[in-house]
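Proteins get letters first, then strands, A, B, ... in listed order; numbering begins at 1 in each. The shown structure was predicted, so the numbers you read here are calculated from the model rather than taken from an experiment.
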Amino acid sequence: MIARASQLFLPTLRNAPAEAEAANHKLLVRGGFIRQVSAGIWSFTPLGWLVHRKIEQIIREELAAIGAQEWFAPVLTPVELWQATGRDKIPVIIHVTDGQGREFVLPMTHEETFTFHARELQSYRQLPQAWYHFQTKMRDEPRPKGGLIRLREFVMKDSYSFDRDADGLDASFERHRGAYKRIFERMGIEAYDVEAESGIMGGSASFDFLAPAESGENTLITCENGDFAADIEVARTVPRPPELPARLDALEEVETPGAATIDDLARFLSIDATATSKAMPVVKDDGTLVLGLLRGDDRLEEMKMVDALGSGYRPATEDEIRAAFGADPGSLGPVGYDGEVVADEALREGQFVAGANRTGWHLRGVEAGRDFQPRFADLRQSKEGDTCPHCGGALRFETAIEVGHIFKLETKYSAQLGATFVDEDDAERPLVMGSYGIGLARVMASAVEQHHDEHGIVWPEAIAPYDVHVVSLSGAEDIAQRAAVRMDERGYSVLLDDRDSRPGEKFADADLIGAPVRVTAGKKSLDDGAVDVRDRATGAERRVPVEEI
RNA sequence: CGGGACGUGGCGCAGCCUGGUAGCGCACUCGCUUUGGGAGCGAGGGGUCGCCAGUUCGAAUCUGGCCGUCCCGACCA
């Protein structure tokens, strides 16, 4: 089909709105793909919806290829279904009440609804099943941001797999993981599947798909040799080896007046920060005080601490610290402390300087196992300078957008909602479930973040709103028309800019809108009976006779 | 929820400090000229200055409250 720009709503802008900061935000608004209605709430214009639908169709095709079946499940969901799983209490869930006082939830994902339907699965003979739909999701985001990156309302593709056992789930999970890789590859989006936190979804394992992008909210770590990729929250990378002074046979007290920070301490003792340790007393949800211990140059990764403690926590107050250690913060250490000590793996080998639990004093030569008995855990946050745990290669740290997340839910939802089946041995068992999401708007944002230049968007072919953008300049309308028809007949989607405006304006809009190929018909090419075909990505242009395009 | 910034026509901005009847660029309408990277001339249209109160003869401008949007943090399938 040939779309005529003169008849379309194509609201391109010369300037981005002042509040736009992220590349996807600026360019999608300027290019006329999206318009904001409220914070985190956007309309897709006809142009933007073309892209959204292309993304949707690629996802649909790849899910069909693994045998998943498309549904359409409602947004309005009786609250009782969510009370059964306890998720009605999640703060970001939006609740509504109808005119008769009935309560509903506007879901952020559809585990409850699909598990409700899965009650109709009766026998292992019907398994496995994989169901999905595209539906609007709602989240009461406290802080929407970054254009399409963090939204209060957005379309998600969410799938749910139902298996009879863990092996079945593993297979379903891997099928989805493979489909996701193909989806992002087809869309021209660089994305990595990395281990992730399961958060409030629960379940036994989960993987994020992270697309490197400047305005992303996650930090992705990748190895230069391509054998490692992880989210910083769970990454276990190799820290720089410590520079330790000569070993001591026994502890040695040293006065360190006024040395309250690791920097002070290292300078005062003329040692490297890697030869020190850092004490982080925290209080668990149950009120227990635990001493976290890190190497001096490391920072605590809070998600890891939660995992290590098996509980939420908060930093201890100064009063609690004095009561437990008898010293001020800044002179705390594990030696002589009678509570639990959780030490980072980096402190397993070697001797470090630690606080002496006596204000203004430290201990040299502190050695785990000899001077204190810690439980070891991975607590440190990966940082620049760490090396790859597989090959020792250099690591790259970059921000990334979470475009997909896949979970092994096991039987969490099926057990709570009574979705059971009868197995081969006549036993009734809960379905073993997985759930798999992709945020379409985030995919669109990622594509723009990864593919743009100073002039506008450079859409990957598979999700471009149009395949070809024909610029019709005055005097060459006929040849432009012929070129458009020819492209159309060859199966390309064509945007024909037949508006009565100046060449510069048309070129600027073509760059902004970002179709992969631009075809210009104007006086220059007219004499040759030709058009100029330009590649949006490279800018390479060549003159081609109309009959040959 | 804490910190910061901003709110003046569709978009970008000035005016506010020092109160006096709202302006610029782009866009829009009409006419003429122009046409390979955001044209020129002429004539026009469009704004409760976020909202509410207060001070004042008079408020876009000063004061108070509220709302909205963006950024940082908290939070985050």
Below 3.5 Å between N/O atoms, which protein atoms pair up with nucleotides 28-31 of chain B? Just atom names and distances, please.
none

Under 3.5 Å between N/O atoms: give me all the protein pairs with nucleotides 10-15 of chain B, atom names plus distance.
unit_1, atom_1, unit_2, atom_2, d
B:C11, O2', A:Asn15, O, 3.2
B:G12, OP1, A:Ala18, N, 2.7
B:G12, O4', A:Asn15, ND2, 3.4

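Pairing of B:U29, defined by two Watson-Crick or G-U wobble distances under 3.5 Å, is identified with B:A43. B:U18 is unpaired under the criterion used here, namely a Watson-Crick or G-U wobble arrangement in which both key atom distances are under 3.5 Å. In this entry B:A5 has B:U69 as its Watson-Crick or G-U wobble partner, both defining distances falling under 3.5 Å.
Across all strands, A:Glu541 comes closer than 4.0 Å to base atoms (heavy-atom distances). Within 4.0 Å (heavy atoms only), A:Gly437 reaches no atom of the nucleic acid at all. At a threshold of 4.0 angstrom between heavy atoms, the contacts of A:Ala39 are confined to the sugar-phosphate backbone, with no base atom among them.
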(request) List the steps, then state whether side chain to side chain contact (heavy atoms under 4.5 Å, CB included) holds for A:Thr45 with A:Arg35. (result) CA-CA 7 Å; A:Thr45 66; A:Arg35 284 294 184 262; 4.3 Å; yes
(message) One pair to check against side chain to side chain contact (heavy atoms under 4.5 Å, CB included): A:Leu512 and A:His455. What are the steps and the verdict?
(response) CA-CA 6 Å; A:Leu512 204 46; A:His455 301 295; over 6 Å; no
(request) Could you walk me through whether A:Asp297 and A:Lys383 pass the side chain to side chain contact (heavy atoms under 4.5 Å, CB included) test, one step at a time? (result) CA-CA 10 Å; A:Asp297 60 317; A:Lys383 63 182 182 189; 3.1 Å; yes
(request) Evaluate ring-ring contact (aromatic ring centres under 6.0 Å, His included) for A:His25 paired with A:Trp42, printing each intermediate quantity in order. (result) CA-CA 11 Å; A:His25 188 179; A:Trp42 294 77; 5.2 Å; yes
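Per the geometry, CH2 belonging to A:Trp42 stands 12 Å off P belonging to B:U69, to the nearest Å. Atom pair A:Ile513:CD1 and B:G38:P shows a separation of 17 Å (rounding to whole Å applied). For the pair A:Asp500 CG and B:A39 P, the computed distance is 13 Å after rounding to whole Å. For the pair A:Leu473 CG and B:U35 C1', the interatomic distance rounds to 8 Å; values are reported in whole Å. The distance from atom CG of A:Asp511 to atom C1' of B:G36 is 13 Å, rounded to the nearest whole Å. Rounding to whole angstrom units, CZ of residue A:Arg534 and C1' of B:G36 are separated by 11 Å. Between A:Met108 atom CE and B:C76 atom C1' there is a gap of 10 Å when expressed in whole angstrom units. Atom CG in A:Asn218 sits about 14 Å away from atom P in B:C75, given to the nearest Å.
Other residues, nucleotides and ligands contribute only 12 or fewer heavy atoms inside 6.0 Å of the CZ atom of A:Arg299. Surrounding OH of A:Tyr492 are at most 12 heavy atoms belonging to other residues, nucleotides or ligands under 6.0 Å away. Residue A:Glu214 qualifies as open at atom CD: its count of foreign heavy atoms under 6.0 Å is 12 or below. Environment of CZ in A:Arg542: sparse, with no more than 12 heavy atoms of neighbouring residues, nucleotides or ligands closer than 6.0 Å.
For A:Phe104 and A:Trp82, the ring centers sit 6.0 Å or farther from each other. Annotation: A:Trp131 is in aromatic contact with A:Phe162 [ring centroid separation under 6.0 Å]. Between A:Phe184 and A:Phe209, the ring centre distance stays below 6.0 Å.
Note on A:Ser38: a side-chain N or O is less than 4.0 Å away from OP1 or OP2 of B:U69. For B:A39, the OP1/OP2 oxygens have a side-chain nitrogen or oxygen of A:Arg502 closer than 4.0 Å.
A heavy atom closer than 4.0 Å to some atom of RNA chain B occurs in no member of residues 542-549 of chain A. Of the residues in residues 30-37 of chain A, A:Arg30, A:Gln36 come within less than 4.0 Å of RNA chain B through at least one heavy atom, sorted by number. Residues from residues 145-163 of chain A with heavy atoms under 4.0 angstrom of RNA chain B, sorted by number: A:Lys145, A:Gly146, A:Arg150, A:Phe154, A:Met156.
Between A:Tyr180 and A:Tyr436, the ring planes lie perpendicular to each other; the angle is over 60°, past the 30° to 60° tilted range. Between A:Phe114 and A:Trp71, the ring-plane angle classifies as perpendicular under the 30° and 60° cut-offs. Ring geometry for A:Tyr132 against A:Phe134 counts as perpendicular: the plane angle is over 60°, on a 0 to 90° scale with 30° as the lower cut.
Judged by distance alone with a 3.5 Å cut-off, a donor-acceptor contact links the side chain of A:Arg518 to the base of B:G37. Donor-acceptor pairing under 3.5 Å, judged by distance alone, is present between the side chain of A:Ser525 and the base of B:G36.
The residue among A:Gly40 and A:Gly504 whose nearest nucleotide of RNA chain B is located toward the 5' end is A:Gly504.
Side-chain atoms of A:Arg143 lie closest to B:C72 of the nucleotides B:C76, B:G37, B:C72.
The CD1 atom of A:Ile94 lies 5.0 Å from the CG atom of A:Asp140; values are rounded to the nearest 0.5 Å.
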Using atom types as modelled, flag every donor-acceptor pair under 3.5 Å from a side chain in residues 472-480 of chain A to any protein atom, sequence neighbours excluded.
unit_1, atom_1, unit_2, atom_2, d
A:Glu477, OE1, A:Gly475, N, 3.0
A:Glu477, OE2, A:Gly475, N, 3.3

